[in-house]
Amino acid sequence: MTKITKEILEDIIIISNFATKFNFKTMSNITFTMVKPEAVEAKNAGAILNRIENAGFRIVALKKVHLSASRAAEFYAVHKERPFYQELIDYMSSGPIMAAILEKENAVSDFRKLIGATNPENAEPGTIRADFAESMAKNAVHGSDSDENAQIEADFHFSVDERF
Ligand code: IDP
Ligand code: MG
């Protein structure tokens with residue numbers, strides 16, 4: 001058996017710190033999205049995912065899932081004081097969604113640009129919401145608003161062995 005000297009131990013610590021930093025950097029280049037119920041129902045999920053891939057995002061994880069009201073309430077808990085909270089829960093649990101983790105440099109901000117403003121009337125022409133949203137509430141897609149929330153939202157929907 002090799003004896004673990006102080007030098008070897010120091011090397012192990014350096015390598016492990018590097019691995020943590022590298023992993024952290026890689027993981028911050030993701031965002032989380034959902035194709036919302038009305039867009040799935042309208043058979044726009046394929047077209048929307050195609051736009052996302054064409055914009056340079058890589059699909060790390062993807063699934064079709066029907067959220068229960070309590071799962072939707074938990075996901076949107078940050079909005080619980082807002083007047084549209086109940087409407088949002090009812091809507092997001094009204095039918096299946098497509099949930100996905102997406103990877104790209106500057107994933108969060110680039111994805112917000114790709115989807116456009118929350119209210120489709122204010123969304124830039126050519127954005128996903130400008131082209132597919134029905135209304136402020138039924139606005140076709142979700143996109144994380146920060147790296148931290150992207151991690152939380154990705155973890156909410158996907159286990160580690162569902163990511164590739
Ligand atoms: P975002 O999806 O662009 O980040 P948020 O302000 O985080 O917008 O709101 C979350 C979701 O809640 C929106 O995507 C939309 O579906 C819904 N929502 C936001 N504002 C309203 C509203 O005034 N009426 C109804 N639904 C709304
Ligand atoms: Mg938001």
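Note that the coordinates shown come from a computational prediction; the quantities given were computed from them, not determined experimentally. We number each residue from 1, following the sequence as shown. Note that these values count all heavy atoms, side chains included, but never hydrogens, waters or copies made by symmetry. When a ligand or atom number is given, it counts from 1 through the structure's own listing order.
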### Query
Please state which protein non-hydrogen atom is closest to atom 9 (O) of ligand 1 and give its distance, to 0.1 Å?
His79 NE2, 3.7 Å
### Task
List the atom of Gly116, the atom of Arg129, and the distance in Å for their closest heavy-atom pair.
O-NH1, 3.2 Å
### Task
Write out the residue and atom name of the closest protein heavy atom to atom 3 (O) of ligand 1, then the distance separating them to 0.1 Å.
Thr118 OG1, 2.5 Å
### Message
Does the residue Arg82 have a heavy-atom contact with ligand 1, meaning some pair of atoms that are separated by less than 4.0 Å?
### Response
yes
### Task
Kindly indicate, with the supporting measurements, whether the criterion salt bridge (Lys or Arg N to Asp or Glu O under 4.0 Å) is fulfilled by Asp155 and Arg163.
CA-CA 10 Å; Asp155 292 347; Arg163 305 174 194 207; 2.8 Å; yes
### Query
Looking only at distance, does Ala137 have an N or O less than 3.5 Å from an N or O of ligand 1?
yes
### Message
What I want to know is whether His142 and ligand 1 share at least one N or O pair that is separated by under 3.5 angstrom.
### Response
no
### Query
Would you say the side-chain atoms of Arg58 pair up with the backbone N or O of Glu103, donor to acceptor, closer than 3.5 Å?
no
### Message
For atom 4 (O) of ligand 1, what's the nearest protein heavy-atom neighbour? Residue, atom name and distance, please.
### Response
Arg112 NH1, 2.9 Å
### Query
For Tyr76, is at least one N or O under 3.5 Å away from an N or O on ligand 1?
no
## Note on the structure
Between Val35 and the options Ile128, Ile52, Ile97, Ile48, the side-chain contact (heavy atoms from CB on, under 4.5 Å) test singles out Ile48
### Query
Please walk me through it: do Lys36 and Asn139 pass side chain to side chain donor-acceptor pair (under 3.5 Å)?
CA-CA 7 Å; Lys36 295 188 178 184; Asn139 59 1; 2.7 Å; yes
### Message
Determine whether a donor-acceptor pair (N or O, by modelled atom type, separation under 3.5 Å) exists between the side chain of Tyr76 and the backbone of Arg71.
### Response
no
### Task
Check whether any N or O atom of Lys138, backbone or side chain, sits under 3.5 Å from an N or O atom of ligand 1, and answer yes or no.
no
### Task
Specify the protein heavy atom at minimum distance from atom 2 (O) of ligand 1: its residue, its atom name, and the distance to 0.1 Å.
Arg129 NH2, 3.0 Å
### Query
Heavy-atom distance under 4.5 Å between the side chains of Phe32 and Gln151, does that happen here?
no
### Query
Is the backbone of Ala123 close enough, under 3.5 Å, to the side chain of Thr127 for a donor and an acceptor to pair up by distance?
no
#### Entry: N/O separation below 3.5 Å, Asn139 to ligand 1
yes
### Message
Looking only at protein heavy atoms, which one is nearest to atom 12 (O) of ligand 1, and what is the separation?
### Response
Phe84 CE1, 3.3 Å
## Note on the structure
Short version for Lys36: what comes under 4.0 Å of ligand 1, heavy atoms counted, is side chain
### Query
For atom 15 (C) of ligand 1, what's the nearest protein heavy atom and its distance?
Met136 O, 3.3 Å
### Query
Is the shortest distance from a heavy atom of Leu88 to ligand 1 less than 4.0 Å?
yes
### Nearest non-hydrogen partners of Arg51 and Gly126, listed with the distance
NH1-O, 3.2 Å
